[in-house]
Amino acid sequence: MALLVRLLSLGVALALGPAATLAGPSKSPYQLVLQHSRLRGRQHGPNVCAVQKVIGTNKKYFTNCKQWYQRKICGKSTVISYECCPGYEKVPGEKGCPAALPLSNLYETLGIVGSSTTQLYTDRTEKLRPEMEGPGSFTIFAPSNEAWASLPAEVLDSLVSNVNIELLNALRYHMVDRRVLTDELKHGMALTSMYQNSNIQIHHYPNGIVTVNCARLLKADHHATNGVVHLIDKVISTVTNNIQQIIEIEDTFETLRAAVAASGLNTVLEGDGQFTLLAPTNEAFEKIPAETLNRILGDPEALRDLLNNHILKSAMCAEAIVAGMSMETLQGTTLEVGCSGDMLTINGKAVISNKDILATNGVIHFIDELLIPDSAKMLLELATESDVSTAVDLLKQAGLSTHLSGKEKLTFLAPLNSVFKDGVPHIDAQMKNLLLNHIVKDQLASKYLYHGQTLDTLGGKKLRVFVYRNSLCIENSCIAAHDKRGRYGTLFTMDRMLTPPMGTVMDVLKGDNRFSMLVAAIQSAGLMETLNREGVYTVFAPTNEAFQALPPEELNRLLGNAEELNNILKYHIGDEILVSGGIGALVRLKSLQGDKLEVSSKNNVVSVNKEPVTETDIMATNGVVYAITSILQPPANRPQERGDELADSALEIFKQASAFSRVSLLLAPVYQRLLERMKH
């Protein structure tokens, strides 16, 4: 039994692979980035790390794979330097950094790691240096010398003027009364400091950056005999207010304060959690047209959507952003948060005017531009700012734009501006009605549309939905971009103007003089009733030119043979509706005759059986018509193909027979020669 258990265990381990059997505890993002920096620096000797320095600044970063190849931090170029990894030092005459740093107490370690100013201020207090040199286990997040130097003069003066209270308390707030290494620094955790048990907020980001009250960890895990030192890039201070309390006391948030109260979101902003509030200032609200702002402020649902679009689901300190990243809001939308030099950007715009205002439940960044989500916009606003402005202009000229600014639930099927590159249609009664047929009487979402669904328009038409492998189409027009769902209406961006069906396939053919000979042939073949009744057909309709291209004797023979004519015409009719936007590279469409048609599209040219189509997507209530200038021949009518099929059938019979008879194998060359003769 014991042997069986061991074998089963070995089998599981082998199934999971060597990583499962050999890997130790998973590394933190910081440790992974440090490991990558070690790999990049190993050619310079042991314990050498590659470091990226932003040109023109003193900012340095351990490099991850992406940054290594891009050589940029926040869009700024970097240079690579090679330094001793944390915890190691150089030895004269030897390559790399072979020696571990001497293990000293916390006080001595501060000087070793580049925080001699912290060491100096520790000396000024009466109590702290003996603690740092004595027994115990502590963690200190030590500001770098540059961090102390960048403090405003008035702040530094208030600290050093009262060293045994203000300075001592400030230094104690940087300390924890136990050893905490980076693998224990989890995203969103709080450590209890040695100053009045006040919390220190830790964030450990996927890109390997660790922040302490939004100060970045520069070099971590410097061991001391009585603890560990982490070097950080700022002097941190206590955090006492939650996000809602900060909104209440900031003068620049007067409009935001009223909006939050009206929406009921104050309970979220004063509750537990770790959020990022992209807080619009009074100036941001003033940039919005008064009519739009008053509409949103007076609509509880739109207002809540607006504010939720400014709240990220996790705390994001500015120092953690070294490149663009997508972040989800409480609204469910995604914002692109990035940076350009020292400026943070939202969706590519530098709209953040003040950053990293820390709260007990997250962080606040001031923004001077409102981020209005689609769900708070009217349909007219969505369409105006999209690539469908020409269609909006047409609606305005036709006096129909009020449909897009009201509270009626609608969907606007808006053609792209590129549809009108050859000219904008003139507005008349017919065009006005066509535009009304681009507005559907419901607020739709494309993900819920299904094949065969019908949609009612303001123009009184019923539009059909066609679902294909790589496209979703409404009549002849296919959706070209993701939906934009507004407060009351949805915008579908379409790849062409809709042409609603005006009658059956027979009505279409009869109404077009190009197809008069085809109509006569359909009557002779007895297919009139088929193409007049309900159904789903794709008709490749030969024009008069196609019939006239046939030799007279062949044309007369065809028109005089009802059975053959019926067979050929059925080969021109597919048994489903295929609009040009649903073709893709190649579609094999079964015909009413039984054989398949090969329909392809290349460089916006549609072909059937390699014959080009002269006009596509003439819509009918029971199908779609394509105009072609040749008569398509079914495979059975092609002499070469009949020979191929006969030969292939014979070969298949021979293969099956050979499975039962070894003798037949000897005759294989003879059979093969016979088959080749049949083909030729």
Side-chain angles (χ1 to χ4, degrees), residues 503-578 587-600 606-616 618-653 678-680:
T504 66
V505 168
M506 281 310 305
D507 293 331
V508 169
L509 297 176
K510 287 179 179 179
D512 193 326
N513 290 332
R514 292 178 297 171
F515 303 121
S516 58
M517 294 184 71
L518 175 61
V519 170
I522 289 172
Q523 290 172 332
S524 299
L527 291 174
M528 182 86 76
E529 184 181 348
T530 299
L531 297 180
N532 257 328
R533 67 184 178 215
E534 286 188 11
V536 285
Y537 305 114
T538 297
V539 179
F540 294 96
T543 60
N544 296 341
E545 179 186 347
F547 283 97
Q548 291 163 357
L550 290 174
E553 62 277 8
E554 185 176 339
L555 177 60
N556 292 333
R557 180 185 59 78
L558 176 62
L559 296 177
N561 187 335
E563 184 177 347
E564 183 181 355
L565 182 61
N566 179 283
N567 186 63
I568 286 182
L569 290 180
K570 280 186 175 180
Y571 184 61
H572 288 72
I573 306 170
D575 65 355
E576 62 179 283
I577 296 178
L578 178 65
V587 172
R588 300 189 74 216
L589 180 65
K590 186 178 179 182
S591 71
L592 296 187
Q593 177 263 355
D595 289 310
K596 291 188 175 180
L597 297 156
E598 291 191 352
V599 189
S600 60
V606 175
S607 299
V608 54
N609 291 356
K610 299 182 180 178
E611 296 290 338
V613 170
T614 57
E615 185 177 351
T616 64
I618 308 170
M619 304 307 295
T621 55
N622 58 346
V624 59
V625 175
Y626 292 78
I628 58 175
T629 56
S630 59
I631 307 292
L632 304 175
Q633 293 294 330
N637 288 10
R638 303 176 203 161
Q640 177 64 35
E641 293 193 20
R642 285 204 304 273
D644 289 348
E645 288 176 0
L646 183 60
D648 290 341
S649 298
L651 184 59
E652 184 61 31
I653 292 169
M678 291 171 70
K679 284 190 175 185
H680 298 289

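Counting from 1, the numbers follow the sequence of the chain as shown.
- Counted within 6.0 Å of CD on Glu529, heavy atoms from surrounding residues, nucleotides or ligands total 12 or fewer; the atom is thus considered open.
- Annotation: side chain of Tyr626 is in contact with side chain of Val606 (closest heavy-atom distance under 4.5 Å).
- Looking only at side-chain heavy atoms (C-beta outward), Asp512 and Val508 stay at 4.5 Å or farther from each other.
- Smallest separation of non-hydrogen atoms from Ser607 and Pro612: OG-CA, 3.8 Å.
- Nearest heavy-atom pair, Lys596 versus Tyr571, reported as atom, atom and distance to 0.1 Å: O-OH, 3.5 Å.
- Formation of a donor-acceptor pair under 3.5 Å by the Asn561 side chain with backbone atoms of Arg557 is not found in this model.
- Interatomic distance, Lys570 NZ to Ile573 CD1, rounded to the nearest 0.5 Å: 8.5 Å.
- Between Leu518 and Thr543 the shortest side-chain heavy-atom distance does not fall below 4.5 Å.
- Annotation: the span from Leu509 atom CG to Arg514 atom CZ amounts to 10.0 Å, rounded to 0.5 Å.
- Residues Asp507 and Thr504 bring a donor and an acceptor atom of their side chains to less than 3.5 Å of each other.
- Distance check, rounded to the nearest 0.5 Å: CD of Gln633 to CD1 of Ile568 gives 4.5 Å.
- The shortest distance between side-chain heavy atoms of Gln593 and Leu632 does not fall below 4.5 Å.
- Atoms CD and CG, on Glu564 and Leu559 in that order, are 10.0 Å from each other to the nearest 0.5 Å.
- For the side-chain contact (heavy atoms from CB on, under 4.5 Å) criterion with Leu569, the lone passing option out of Ile522, Leu531, Val539, Thr530 is Ile522.
- For Glu553, the CD atom sits in a packed shell: over 12 heavy atoms of surrounding residues, nucleotides or ligands are nearer than 6.0 Å.
- Scanning both residues, Pro635 and Asp595, for their nearest heavy atoms gives CD-OD2, 3.4 Å.
- Contact record, Ala627 with Phe515: CB-CZ, 3.8 Å, taken as the closest heavy-atom pair.
- For the pair Val624 and Thr616, the minimum side-chain heavy-atom distance is 4.5 Å or more.
- Between Val505 and Asn622, the shortest heavy-atom contact is N-OD1, 2.8 Å.
- Residue Met517 holds its CE atom at 5.0 Å from CG of Leu555, rounded to the nearest 0.5 Å.
- Looking at Val599 and Phe540, their side chains come closer than 4.5 Å, going by heavy atoms from C-beta outward.
- Asn532 and Met506 make their closest contact through OD1-CB, 3.3 Å (heavy atoms, listed as atom of the first residue, atom of the second, distance).
- Counting only distance, with no hydrogens or angles, the side chain of Asp575 and the backbone of Leu592 share no donor-acceptor pair below 3.5 Å.
- Atoms CG and CD1, on Leu558 and Ile631 in that order, are 7.0 Å from each other to the nearest 0.5 Å.
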